[in-house]
Amino acid sequence: MCNACLIEDVKASMLSRRKLFTGAAATTAAVMAAGLTTARPALAQSSGKVVDLTHGYDGSFPTFDGNPGILYEPAVKFADSGYQLWKLTIFEHTGTHIDAPLHFTADGTSVADLPPERLVCPLCVIDLKAKAKDDANAMVEPEDIEKWVSANGAIPAGACVAMNSGWADKVATPEFRNTPDGKFAFPGFSKAATDMLAGMDVACIAVDTLSLDPGNSADFAVHFSWLPGGRYGIENIAGLDNVPAAGATIFVGAPKHKGGTGGPARVMAVA
């Protein structure tokens with residue numbers, strides 16, 4: 001074969017391959033765009049503002065049992081080694097954290113096995129401040145959900161429904177956990193409300209308090225009904241005043257230690 005013919009054949013082959021790659025790139029872009037379009041409704045009303053919904057915490061952060069939820073021990077000191085790190089002892093249900101189904105079932109889903117698509121959720125915030133001001137053990141009831149729906153539209157399947165009782169503002173005070181006489185007192189969800197939300201295929205409920213159940217609960221009815229159904233909860237959420245009642249998307253950075261019943265999480269929203 002002559003050199004000129006060979007050169008022409010190579011040029012033709014390159015042009016053919018270029019068209020192939022161009023077409024493939026266009027197809028890939030179209031598929032990606034379609035995927036983004038599918039995922040976009042939860043973000044449709046977003047301005048792109050990122051809001052941290054996580055408390056920073058150390059051993060002084062309030063816990064349900066009153067014991068420090070995280071302990072620090074120097075493992076490597078900068079003065080000795082030129083770098084530093086801590087050995088941490090962390091109790092799963094401390095700080096802003098996840099309650100996985102395994103927390104209240106013998107063989108439920110662990111925090112490591114929560115489906116990732118259920119960790120990115122449309123966020124619906126129910127304002128309970130007025131009720132909580134009058135009753136430290138106020139609860140989100142079905143009528144509060146109905147009022148939210150009337151004002152904002154249907155709660156999407158896979159949503160996170162969060163209670164904003166204003167309790168996050170009390171986190172540095174004894175009132176976050178107790179009454180002056182030492183009794184648990186903080187808002188939560190009622191079982192009637194969470195049964196209603198379960199019927200809407202809500203993925204998660206969140207509270208700005210120590211527990212999904214109110215402080216005066218004697219039976220942990222919400223924990224025992226909500227979590228065994230394969231759903232999860234977030235306790236000690238923060239920053240709900242900085243997101244709208246509807247239209248934001250929550251990103252739940254659940255830990256992934258195998259067999260975990262929950263654990264501290266970094267939770268953020270795009271509002």
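Taking OG of Ser211 as the start and CZ of Phe189 as the end, the distance is 11.5 Å to the nearest 0.5 Å. The OH atom of Tyr232 sits 4.0 Å away from atom SG of Cys121, with the distance rounded to the nearest 0.5 Å. The CZ atom of Phe251 sits 11.0 Å away from the CG atom of Leu119 when rounded to the nearest 0.5 Å. Atom CD1 in Ile98 sits 12.0 Å away from atom OG in Ser110 (nearest 0.5 Å). Going from atom CE of Met200 over to atom CD1 of Ile155 covers 5.0 Å, rounded to the nearest 0.5 Å.
For the residue pair Thr209 and Pro187, the shortest heavy atom distance occurs at OG1-O, 3.0 Å. Phe176 and Leu210 get closest at one heavy-atom pair: CE2-CG, 3.7 Å.
Residues that satisfy the side chain to side chain donor-acceptor pair (under 3.5 Å) test with Thr89, not counting sequence neighbours, are absent from this structure. Residues forming a salt bridge (charged side-chain N to carboxylate O under 4.0 Å, His left out) with Lys133 (at least two apart in sequence, or on another chain): none. Asp127 is linked by a salt bridge (charged side-chain N to carboxylate O under 4.0 Å, His left out) to nothing, counting only residues two or more places apart in sequence or in another chain. Qualifying side chain to side chain donor-acceptor pair (under 3.5 Å) partners for Thr63, counting only residues two or more places apart in sequence or in other chains: Asp65. For Asp113, the salt bridge (charged side-chain N to carboxylate O under 4.0 Å, His left out) criterion is met by no residue, not counting sequence neighbours.
The other residues sharing a hydrophobic cluster with Tyr83 are Val76, Leu85, where clustering joins ILVMFWY side chains under 4.5 Å apart.
If you run side-chain contact (heavy atoms from CB on, under 4.5 Å) between Asn164 and each of Leu128, Asp241, Ile126, only Asp241 comes through.
Residue pairs meeting the salt bridge (Lys or Arg N to Asp or Glu O under 4.0 Å) criterion with at least one member in residues 191-207, sequence neighbours excluded: Arg118-Asp201, Lys191-Asp195. Counting only residues at least two apart or in different chains, salt bridge (Lys or Arg N to Asp or Glu O under 4.0 Å) contacts with residues 137-150 comprise Lys131-Asp144. Pairs of residues two or more places apart, or lying in two chains, that qualify as side chain to side chain donor-acceptor pair (under 3.5 Å) and include a residue from residues 262-271 are Asp52-Arg266. Sorted by first and then second residue, the ring-ring contact (aromatic ring centres under 6.0 Å, His included) pairs involving residues 132-157 (not counting sequence neighbours) form an empty list. Applying the salt bridge (Lys or Arg N to Asp or Glu O under 4.0 Å) test to every pair with at least one member in residues 226-240, sequence neighbours left out, gives no pairs at all.
Hydrophobic cluster membership differs between Met163 and Ile234, with clusters built from Ile, Leu, Val, Met, Phe, Trp and Tyr side chains linked at under 4.5 angstrom.
At least one donor-acceptor pair under 3.5 Å links the side chain of Asn137 to the backbone N or O of Asn216. In this structure, Asp213 contributes its side chain and Gly188 its backbone to no donor-acceptor pair below 3.5 Å. The main-chain N or O of His55 is found under 3.5 Å from a side-chain atom of Thr96 such that the two form a donor-acceptor pair. Side-chain atoms of Ser165 do not come within 3.5 Å of backbone N or O of Lys129 as any donor-acceptor pair.
Within the 4.5 Å cutoff, side-chain heavy atoms of Val120 are placed close to those of Thr249. The side-chain heavy atoms of Pro74 and Trp86, taken from C-beta on, include a pair separated by under 4.5 Å. Considering only heavy atoms from C-beta on, Pro174 stays 4.5 Å or farther from Pro180 through its side chain. Taking 4.5 Å as the limit, some side-chain heavy atom of Ile205 sits within range of a side-chain heavy atom of Val222.
For CZ of Phe91, the number of neighbouring non-hydrogen atoms (other residues, nucleotides, ligands) closer than 6.0 Å is 12 at most.
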With a cut-off of 3.5 Å and sequence neighbours excluded, list every side-chain donor-acceptor pair involving residues 252-265.
{"unit_1": "His257", "atom_1": "NE2", "unit_2": "Glu92", "atom_2": "OE2", "d": "2.8"}
{"unit_1": "His257", "atom_1": "NE2", "unit_2": "Gly262", "atom_2": "O", "d": "3.2"}
{"unit_1": "Thr261", "atom_1": "OG1", "unit_2": "Glu92", "atom_2": "OE1", "d": "2.4"}
{"unit_1": "Thr261", "atom_1": "OG1", "unit_2": "His93", "atom_2": "NE2", "d": "2.9"}

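Ring geometry for Phe220 against Phe104 counts as tilted: the plane angle lies between 30° and 60°, on a 0 to 90° scale.
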